[in-house]
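Each ligand, and each atom within it, is numbered from 1 in the order the structure gives. What you see is a predicted model, and the numbers here were worked out from it, not measured in a lab.
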Amino acid sequence: MEKVSASLFGRSVVALENFSAADIRLILDAAYKFKQIIRRGVEKKLPNLRGKSIVNLFYEPSTRTRTSFELAGKYLGADVVSITSGTSSIVKGESLRDTLRTIEAMGVDAIVMRHKAEGAADFATRAVSPIIINAGDGAHAHPSQALLDLFTIEQRKGRLAGLKVAIVGDILHSRVARSDVYAMTKMGMEVHLAGPKTLLPRFFAFDGATLHERIETALRGADVVNVLRIQLERQQAGLFPSTREYARVFGINDERLKLAAPDALILHPGPQNKGLEISSAVTYAERSAIHDQVQNGVAVRMALLDLTLNGGEA
Ligand code: NCD
């Protein structure tokens with residue numbers, strides 16, 4: 001049968017660089033539809049992916065991404081199994097290729113994977129035949145996070161094009177920043193990046209974004225402020241003098257936010273280091289959309305799974 005949205009059907013999602021503005025629009029529009037269905041709350045289960053199976057393969061910790069991909073698959077009627085590195089043969093030293101091939105042999109349709117190595121998801125697309133959805137590979141890409149950031153901004157602000165966004169903090173280690181810059185510039189947003197010099201990339205690979213060493217210039221007039229987590233697990237000691245010093249110079253609090261637009265929306269991908277990169281008052285403020293991001297993550301991941309595995313056909 002003819003698929004209505006052939007452009008995403010059968011495609012792996014490793015990074016958004018291969019996705020056009022029209023592809024991203026398709027995903028956001030589908031997410032609106034799924035969000036309404038989830039919110040109805042009566043019967044969330046849809047038949048779209050009935051008979052399909054999805055494995056979540058997570059080599060790195062995750063609360064939000066793994067749970068929301070799992071729920072997204074289940075709400076669409078797929079069978080979903082989650083494997084974490086601590087409870088699988090990965091601890092016995094099985095290689096990534098062998099683990100992928102084992103999962104493939106069981107006849108799965110998609111593998112949602114998170115891995116500490118940049119390029120792991122791309123490697124998987126060449127090693128096995130199921131659709132691969134990248135749920136984060138090292139500091140490289142986190143496409144579903146960027147999509148849910150866009151969705152959250154559009155829901156709260158009513159548009160994307162023309163908005164100014166400041167992405168602040170640990171840019172160097174952030175796969176979220178990398179995917180956000182691509183997705184946001186593609187959708188016509190103006191993107192500014194700021195962080196301590198030691199947490200900015202040495203080789204600038206953020207086409208279309210403006211880099212600032214002073215957070216103040218990035219925040220000025222921003223419509224959206226995306227606060228990144230300081231990725232303590234990915235950095236060697238000594239990238240900033242102390243956590244107190246970081247909070248003082250770069251932490252997002254009410255005082256510093258006076259530079260941004262009065263109605264600036266606050267995002268954070270989570271998990272937060274409260275009191276370090278963001279204050280509690282900002283997290284729980286009216287203009288914070290951090291809680292919305294988590295809610296929207298399920299709808300956006302439903303859209304991604306439905307479009308890639310089913311072509312978006314009802
Ligand atoms: C992000 C990640 O894992 O890249 N978290 C998430 O998926 N919600 C950001 C982070 O860990 O800082």
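- Scored by the salt bridge (Lys or Arg N to Asp or Glu O under 4.0 Å) test, Arg39 finds no partners at all (sequence neighbours excluded).
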Where do Glu154 and Lys35 land on the salt bridge (Lys or Arg N to Asp or Glu O under 4.0 Å) test, with the steps shown first? CA-CA 13 Å; Glu154 194 175 66; Lys35 181 161 180 174; over 6 Å; no
Starting from the N and O atoms of ligand 1, collect every protein N/O partner closer than 3.5 Å and put each pair on its own line with the distance to 0.1 Å.
residue, atom, partner, partner atom, Å
ligand 1, 3 (O), Arg114, NH1, 3.3
ligand 1, 3 (O), Arg114, NH2, 3.1
ligand 1, 3 (O), Arg175, NH2, 2.9
ligand 1, 4 (O), Arg175, NE, 2.6
ligand 1, 4 (O), Arg175, NH2, 3.3
ligand 1, 5 (N), Gly270, O, 2.9
ligand 1, 7 (O), Thr65, OG1, 2.9
ligand 1, 7 (O), Arg114, NH2, 3.1
ligand 1, 7 (O), His142, NE2, 2.7
ligand 1, 8 (N), Pro269, O, 2.9
ligand 1, 8 (N), Gly270, O, 3.3
ligand 1, 11 (O), Arg229, NE, 3.2
ligand 1, 11 (O), Arg229, NH2, 2.9
ligand 1, 12 (O), Arg229, NE, 2.7
ligand 1, 12 (O), Arg229, NH2, 3.4
ligand 1, 12 (O), Gln231, NE2, 3.0

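- With sequence neighbours excluded, no residue forms a salt bridge (Lys or Arg N to Asp or Glu O under 4.0 Å) with Asp109.
- Counting only distance, with no hydrogens or angles, the side chain of Arg159 and the backbone of Ala161 share a donor-acceptor pair below 3.5 Å.
- Residue pairs satisfying the salt bridge (Lys or Arg N to Asp or Glu O under 4.0 Å) criterion with at least one member in residues 126-142, sequence neighbours excluded, are listed as follows: Asp122-Arg126.
- His212 places no side-chain N or O within donor-acceptor distance of the main-chain N or O of Arg214, the cut-off being under 3.5 Å.
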